[in-house]
Amino acid sequence: MHEFASWLAGTAFSQTIASSLWMIPAIQSVHIVTFAVLIGALLIVDLRILGLASKDQSLVVVTRRYAPWVWGCIAVLAATGLLLIIGEPARELLSFSFWVKMSLLVVGMIIAAAFQIHVRNNQASWGETETVQPATKIFAVLSFFIWVGIIAMGRLIAWDADIWGSLSPQP
């Protein structure tokens, strides 16, 4: 990974991003704001599952309303995240926190996709009932904490070596 990070850092595109005074902060700002929108959309769906918000609407309606926000935000996060990796490859790719974040991201996306597919395939039952099975509530809470973990790991990338010590491959 060190060789790949070094090669990527030597490309003209990476050097353009890294040498600019405003590109990394601007990309990070879009990344962070988009993450806030994503967490807001996921929180509304999770609160509906838990029966704490939007009780006057079926889970199908709430999920259908916020699903485009979730997947749109994930697309923007992928694009801005890729630009951040290109701009600072060693900082990202040689970070233990980055890889934990990516692992949690995969799990969070699988849970979100599985839940949306399940709701779409069972619209009649989800549309009629206001009660949600306890297992679904547990997945809602688990999903929310996974996304909070992704945020935390994203923040820890800046201090990776200090926090993780020998687990961090950063010099």
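Residue numbers run from 1 in the order of the sequence given.
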Decide whether [X] and [Y] are clustered together by the hydrophobic rule: side chain heavy atoms of Ile, Leu, Val, Met, Phe, Trp, Tyr closer than 4.5 Å, transitively.
X	Y	answer
I110	I49	no
I39	V100	yes
I74	V148	yes
L83	I32	no
F145	F35	yes

Does the side chain of [X] reach to within under 4.5 Å of the side chain of [Y], using non-hydrogen atoms?
X	Y	value
F4	L94	no
L142	F139	yes
F144	L43	yes
L8	I85	yes

Shortest non-hydrogen contact from [X] toward [Y]:
X	Y	answer
L104	M153	CD1-CG, 4.2 Å
I163	L156	CD1-CD2, 3.1 Å
L50	K137	CD2-CB, 3.7 Å
W71	Q116	NE1-OE1, 2.5 Å
I17	G87	CG2-CA, 3.5 Å
V107	I146	CG1-CD1, 3.5 Å

Separation between [atom1] of [X] and [atom2] of [Y], rounded to the nearest 0.5 Å:
X	Y	atom1	atom2	result
I111	L42	CD1	CG	10.5 Å
D160	F98	CG	CZ	11.0 Å
M102	L93	CE	CG	9.5 Å
R91	I157	CZ	CD1	6.5 Å
I86	I24	CD1	CD1	10.0 Å
L38	L77	CG	CG	6.0 Å

| query | Mind checking what makes ring-ring contact (aromatic ring centres under 6.0 Å, His included) contact with W69, not counting sequence neighbours? | reply |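 In terms of ring-ring contact (aromatic ring centres under 6.0 Å, His included), with neighbours along the sequence ignored, W69 is linked to no residue.
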
| For W164, which residues count as a ring-ring contact (aromatic ring centres under 6.0 Å, His included) partner, sequence neighbours excluded? |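 In terms of ring-ring contact (aromatic ring centres under 6.0 Å, His included), with neighbours along the sequence ignored, W164 is linked to F96.
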
| query | Is there a donor-acceptor contact under 3.5 Å from the side chain of R48 to the main chain of V61? | reply |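 No; zero donor-acceptor contacts below 3.5 Å.
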
| said: side-chain contact (heavy atoms from CB on, under 4.5 Å) for W99 and M1? Distances and angles first, verdict last. | reply: CA-CA 12 Å; W99 292 108; M1 191 55 68; 3.8 Å; yes

| query | Restricting to pairs with a member in residues 25-47, which pass side chain to side chain donor-acceptor pair (under 3.5 Å), not counting sequence neighbours? | reply |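 Matches after skipping sequence neighbours: H31-T80.
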
| field | Qualifying side chain to side chain donor-acceptor pair (under 3.5 Å) pairs with a residue from residues 6-21, counting only residues at least two apart or across chains | value |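 Listed once each, the pairs are S20-W22.
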
| request: Give a yes or no on this: more than 12 heavy atoms of other residues, nucleotides or ligands lie within 6.0 Å of atom CG of L21. | output: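 Result for CG/L21: open.
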
| field | Verdict with reasoning, T63 to F115, per side-chain contact (heavy atoms from CB on, under 4.5 Å) | value | CA-CA 9 Å; T63 301; F115 179 73; 3.8 Å; yes

| field | salt bridge (Lys or Arg N to Asp or Glu O under 4.0 Å) contacts touching residues 66-86 (sequence neighbours left out) | value |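 Sorted pair list comes back empty.
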
| task | Please report the C-alpha distance between I150 and W147 in whole Å, then the side-chain angles of each, then the deciding distance to 0.1 Å, and finally whether the side-chain contact (heavy atoms from CB on, under 4.5 Å) criterion is met. | result | CA-CA 5 Å; I150 292 168; W147 290 99; 3.5 Å; yes

| Non-neighbouring partners of S143 that pass side-chain hydrogen bond (donor to acceptor under 3.5 Å, both in side chains), sequence neighbours left out |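 Result, side-chain hydrogen bond (donor to acceptor under 3.5 Å, both in side chains) vs S143: none returned.
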
